[in-house]
Visitor: 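The structure is given below, and queries will be raised subsequently.
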Amino acid sequence: MTPEEVEQRGIVVRTGWEATSIEKQEKFVVVENRETNTQERAAFDILAITTGAIPIRPSIPGIDFQNVFALRTLADGIALKAQVDRWMIDQEKRAAGKGEPFNVVIVGGGYIGMELCEAFAKRGAVVTILEKADRILGSMDTPVTQIVEETIAREKIRLLKETTALGFEGSMGMAHKVVTDKGEFNANLVVLAIGVSPASALAVSAGIATGIRRTITVDSHMRTSAPDIYAAGDCADATFIVTGKKTYIPLGTTANKQGRIAGENIAGRETTFDGVAGTAQTKIFDLEVARTGLSSLEAEQESLDFFTSTIKGRSRAKAYPAGKPILVTYTVERGSGRLLGAQMVGQEGVAHRIDTLAACLYGRMTVEDVARLDLGYAPPFATVWDPMLVAANAALKEMGTR
Ligand SMILES: Cc1cc2nc3c(=O)[nH]c(=O)nc-3n(C[C@H](O)[C@H](O)[C@H](O)COP(=O)(O)OP(=O)(O)OC[C@H]3O[C@@H](n4cnc5c(N)ncnc54)[C@H](O)[C@@H]3O)c2cc1C
């Protein structure tokens, strides 16, 4: 929504003003106008802190070069696109094989890094991804990440795993090279996509309690430790419904729900936000990749007794044209058979299937419960045993109950 559209709902919007401190006893916020540098006090009865997150920019040499970007705001996106557009003016020459390659280095192989690599590759850039872990997509399990890695290799994306960016070399304010622990790489443009940290400084300096990764600690009503002060979105924590512990998984879907709950409570309606399952979907070239709950790596970090079960199914009945393979992997608690997490990859039918499994996590269902779900079947949409049911039956077999 534009500020004008928000104002039509009777809400006062003041863009260009930054909140610089919170006086929680006197109940006002000091706000500063970015253009005029003037300060004002904004009094409140109830305050909601929804300051979001800030992209991580490590203090490494050359980080301030003009062509080392992060992608967070609309303005960041426009600036990035302008850089590519400038280069692409030479497109005809490039098409004739006479142009210089446009080297884009993406630091970080998470969701944003992967989505960016597709976008740049489609504009004709030569893309290199640097990832310090042994796999892309964070803690996702290797049967899934391997398929994604094969796909991006086919698209001529160079992926360097276990590689850490140490700095940038360049001249006239522009980086020309990325220096890593595995050598140097030419770069016309660099995008840092190595995660975000909660924008909680305002809350911290006001003495409001923070927790995991310096997120603002909130209860299920989105109340902070300070009376009459709420927080929601990427600056706040959430409960992970699988473990019952606090977590930080900053996503727009959570920010929206937490914002609604904060608003309802502020307006006097007692609603609660139970937590997140870490459900996320992404598209990487022709693949849909999705996850919910714990991966095996995360289950290991939680010291849980678990096993994984992986199957290959199909998006549609075999006899029906155009079905595609789907890989499903479950993380299952040993003994109880409780579903702890699920991941999927395939060319179709993945992104929305994961939502069923997210619902199973909310219901604390076992794989036995999942195996009995009345999931729909018609040849254009599923196999008679949906891949989610096949995966549940495979897990039961692993447990010795099939
Ligand atoms: C490239 C990209 C792709 C994404 N894709 C997805 C996706 O597919 N699905 C998904 O669920 N999520 C996605 N996300 C995450 C999603 O955008 C965020 O989780 C969501 O925007 C968080 O909302 P928020 O309101 O908490 O914070 P924000 O949207 O960051 O809003 C915070 C606002 O507060 C302002 N602000 C900060 N400090 C102050 C201050 N002191 N004074 C005044 N104003 C201040 C900021 O300028 C900003 O406008 C994506 C994010 C990025 C960057």
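In each ligand, atom 1 is the first atom listed, and ligand 1 is the first ligand listed. Predicted, not measured: the structure shown is a model, and the values here were computed from it.
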Visitor: Kindly tell me which protein residues have any non-hydrogen atom under 4.0 angstrom away from an atom of ligand 1, grouped by chain and ordered by number?
Guide: Trp17, Glu18, Ala19, Thr50, Thr51, Gly52, Leu71, Arg72, Ile112, Gly233, Asp234, Pro250, Leu251, Gly252, Thr253, Ala255
Visitor: Determine whether Ser296 and Asp141 satisfy the following criterion, side-chain hydrogen bond (donor to acceptor under 3.5 Å, both in side chains), listing intermediate values before the conclusion.
Guide: CA-CA 7 Å; Ser296 64; Asp141 285 319; 2.4 Å; yes
Visitor: Can you give the donor-acceptor pairs under 3.5 Å from side chains of residues 191-212 to other protein atoms, not counting sequence neighbours?
Guide:
unit_1 : atom_1 : unit_2 : atom_2 : d
Ser200 : OG     : Arg214 : O      : 2.6
Ser205 : OG     : Ala201 : O      : 3.1
Ser205 : OG     : Leu202 : O      : 3.2

Visitor: Taking the six-membered ring of Phe28, is NZ or CZ of Arg41 closer than 6.0 Å to its centre and within 45° of its axis?
Guide: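 Ring-cation test returns yes.
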Visitor: State which residues pass side-chain hydrogen bond (donor to acceptor under 3.5 Å, both in side chains) with Thr20; sequence neighbours excluded, sorted by chain then number.
Guide: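 Counting only residues at least two positions away or on another chain, Thr20 forms no side-chain hydrogen bond (donor to acceptor under 3.5 Å, both in side chains).
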Visitor: Could you tell me which residues satisfy side-chain hydrogen bond (donor to acceptor under 3.5 Å, both in side chains) with Glu18, sequence neighbours excluded, listed by chain and number?
Guide: Arg34
Visitor: We want to know whether Thr272 and His221 form a side-chain donor-acceptor pair, criterion being a heavy-atom distance below 3.5 angstrom.
Guide: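 Side chains of Thr272 and His221: no pair found under 3.5 Å.
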